[in-house]
Amino acid sequence: DKVKRCEVDSLFVIAQKLEYISVDATALNQIHSIEAILQESERIISRIATACTLLSDLVDSELSHFGGDFLLKASILNLVTTCNRLPHIGRNVPVSSEVQVQVRNLVACEAQRLESEIEATSDWDKIDKQIELFQRAVVLDDFVSGEATARLSTLNRLREKKEGQVDEHLQSMISANNFKGIAEFLTPLAGSKDQIKKQRFQSFLDDIAFNLDL
């Protein structure tokens, strides 16, 4: 990914340089009577095409999926946006507005997947790890109209709400001495590496022991 970020940085610099020389190259290409100038102009135009192809390949490989290096994704989005402002280079690279919509949809789809995950499981370590990964996508906010931050806020609220509901359900089961299926909710806490979750697990065990002694 570091190599790809260097490629993006290099493309950012040469895109602007190539924009300036592309006008001259096009003009030189009209002078067919001077073979040397014609060859040089073709070489320049070929270099431009190669750079644009590289950028298009980066868009296809890095912006077609969620995850990976989000700083790299942000750099690619920035480069596409910059190139689109250059009239000669811009016509040969992906349209920035279309790419931004594509990435915004990726962020939205991943958020929806996580929302379903939160509803379906009480494995807090797994959920927290996925939310932490999603949080890295906030570096894309400038290109996706703040979609990542907005979705992250919703995910955190849902996670907090679900945890509260699970705790209430556990307390209700313990109070009623109804332990059927309780392991489903306690096992994730028991296996957690988080100290607070371990303390919650121990607290539930103490409550169970207390109720059984009544």
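Numbers here simply count residues along the sequence, with the first being 1.
Qualifying side chain to side chain contact (heavy atoms under 4.5 Å, CB included) partners for Glu115, counting only residues two or more places apart in sequence or in other chains: Arg151, Thr154, Leu155, Leu158. Listed by chain and residue number, Lys161, Lys162 satisfy the side chain to side chain contact (heavy atoms under 4.5 Å, CB included) test with Gln165 (two or more places apart in sequence, or in another chain).
Atom CD1 in Ile76 sits 5.0 Å away from atom CD in Glu62 (nearest 0.5 Å). Leu71 contributes atom CG, which lies 10.0 Å from atom CZ of Arg136 (distance to the nearest 0.5 angstrom). Separation of atoms CG (Asp141) and CZ (Arg104) is listed at 10.0 Å; rounding is to 0.5 Å. Atom CG of residue Leu55 and atom OG1 of residue Thr50 lie 12.5 Å apart, to the nearest 0.5 angstrom. Between the CD atom of Gln130 and the OG1 atom of Thr121 there is a distance of 9.5 Å, given to the nearest 0.5 Å.
Of all non-hydrogen atoms in Phe70 and Leu133, the two that sit nearest each other are CE1-O, 3.9 Å. Glu163 approaches Arg159 most closely through the heavy-atom pair OE1-NH1, 2.7 Å. Across all non-hydrogen atoms, the minimal contact from Ser61 to His65 is O-CE1, 3.0 Å. Residue Gln135 comes nearest to Leu152 through the heavy atom pair CG-CD2, 3.6 Å, listed as atom of the first residue, atom of the second, then distance. Of all non-hydrogen atoms in Phe66 and Leu106, the two that sit nearest each other are CD1-O, 4.0 Å. Summarising the geometry of Ala148 relative to Val107, their closest heavy-atom pair is CA-CG1, 3.8 Å, with the distance given to 0.1 Å.
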Show, in sequence, the C-alpha distance, side-chain angles and deciding distance for Arg113 and Glu110, and conclude whether the salt bridge (Lys or Arg N to Asp or Glu O under 4.0 Å) test is met.
CA-CA 5 Å; Arg113 187 190 71 78; Glu110 178 64 12; 2.9 Å; yes

Trace of the side chain to side chain contact (heavy atoms under 4.5 Å, CB included) decision for Ser153 with Arg157
CA-CA 6 Å; Ser153 178; Arg157 286 199 303 270; 2.9 Å; yes

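Checking side-chain atoms of Ser56 against main-chain N and O of Cys52 turns up a donor-acceptor pair under 3.5 Å. At distances below 3.5 Å, not a single donor-acceptor pair connects side-chain atoms of Asn78 with backbone N or O atoms of Ala74. A donor-acceptor contact shorter than 3.5 Å links the side chain of Asn84 to the backbone of Pro94.
Side-chain contact check for Trp124 versus Val166: some heavy-atom pair is nearer than 4.5 Å. Lys73 has its side chain out of reach of Val103: every pair of non-hydrogen atoms, C-beta onward, lies at least 4.5 Å apart.
In the displayed structure, Glu117 atom CD is contacted under 6.0 Å by more than 12 heavy atoms of other residues, nucleotides or ligands. Taking a 6.0 Å sphere around CD of Glu160, one finds it holds 12 or fewer heavy atoms contributed by other residues, nucleotides or ligands.
For the residue pair Arg85 / Thr81, no side-chain donor-acceptor distance below 3.5 Å is found, with atom types taken as modelled.
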